[in-house]
Amino acid sequence: MTNKQSAIFSKMLDTNWTVKELMELGKWNEARIVAKEHHDLVSKLKKSMGESKYNEFIDNGRKMFSPKTV
């Protein structure tokens with residue numbers, strides 16, 4: 001991942017967290033605005049990495065941080 005892609009991903013994480021917090025507070029309009037920004041960042045990163053590499057990156061991250069099952 002390039003530095004530029006890493007910066008986009010960092011912003012994606014921030015916007016995702018912000019949307020969750022705003023929704024929990026019932027601030028639906030603000031959450032919608034930030035969700036659009038998040039979607040735009042996802043699209044930008046997919047375009048930069050290529051969709052298959054992006055999907056692989058996200059899947060690997062989910063596997064790495066998902067709870068272990070017994």
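All heavy atoms count here, side chains included; hydrogens, waters and symmetry mates do not.
- Between Lys20 and Asn16 there is no side-chain heavy-atom pair separated by less than 4.5 Å.
- Other residues, nucleotides and ligands contribute only 12 or fewer heavy atoms inside 6.0 Å of the CG atom of Asn3.
- Taking CG of Asn55 as the start and NZ of Lys53 as the end, the distance is 11.5 Å to the nearest 0.5 Å.
- Considering only residues two or more places apart in sequence or on other chains, Ser48 meets the side chain to side chain donor-acceptor pair (under 3.5 Å) condition with Gln5.
- Linking Ile, Leu, Val, Met, Phe, Trp and Tyr whenever their side-chain heavy atoms come within less than 4.5 Å puts Met12 and Met49 in one cluster.
- To the nearest 0.5 Å, atom OG of residue Ser43 and atom NE2 of residue His38 are 9.5 Å apart.
- Summarising the geometry, atom CG belonging to Leu13 is positioned 12.5 Å from atom CD1 belonging to Ile8; distances are rounded to the nearest 0.5 Å.
- For Glu21, the side chain to side chain donor-acceptor pair (under 3.5 Å) partners two or more places apart in sequence, or in a different chain, are Trp17.
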Enumerate, atom names and distances included, each donor-acceptor pair closer than 3.5 Å involving a side-chain atom of residues 23-37, sequence neighbours excluded.
residue : atom : partner : partner atom : Å
Trp28   : NE1  : Gly26   : O            : 3.4
Asn29   : OD1  : Arg32   : NE           : 3.3
Asn29   : OD1  : Arg32   : NH2          : 2.8
Lys36   : NZ   : Asp40   : OD1          : 3.4
Lys36   : NZ   : Asp40   : OD2          : 3.0

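- Residues that satisfy the ring pair (Phe, Tyr, Trp, His ring centres under 6.0 Å) test with Phe9, not counting sequence neighbours, are Phe57.
- Here Met64 sits in one hydrophobic cluster together with Phe65; the rule is ILVMFWY side chains under 4.5 Å apart, joined directly or through other members.
- With rounding to the nearest 0.5 angstrom, the OG atom of Ser10 is 11.5 Å from the CG atom of Leu45.
- Using a 4.5 Å cut-off on side-chain heavy atoms (C-beta onward), Ile58 and Arg62 make contact.
- Under the salt bridge (Lys or Arg N to Asp or Glu O under 4.0 Å) criterion, no residue pair touches residues 3-18, with sequence neighbours excluded.
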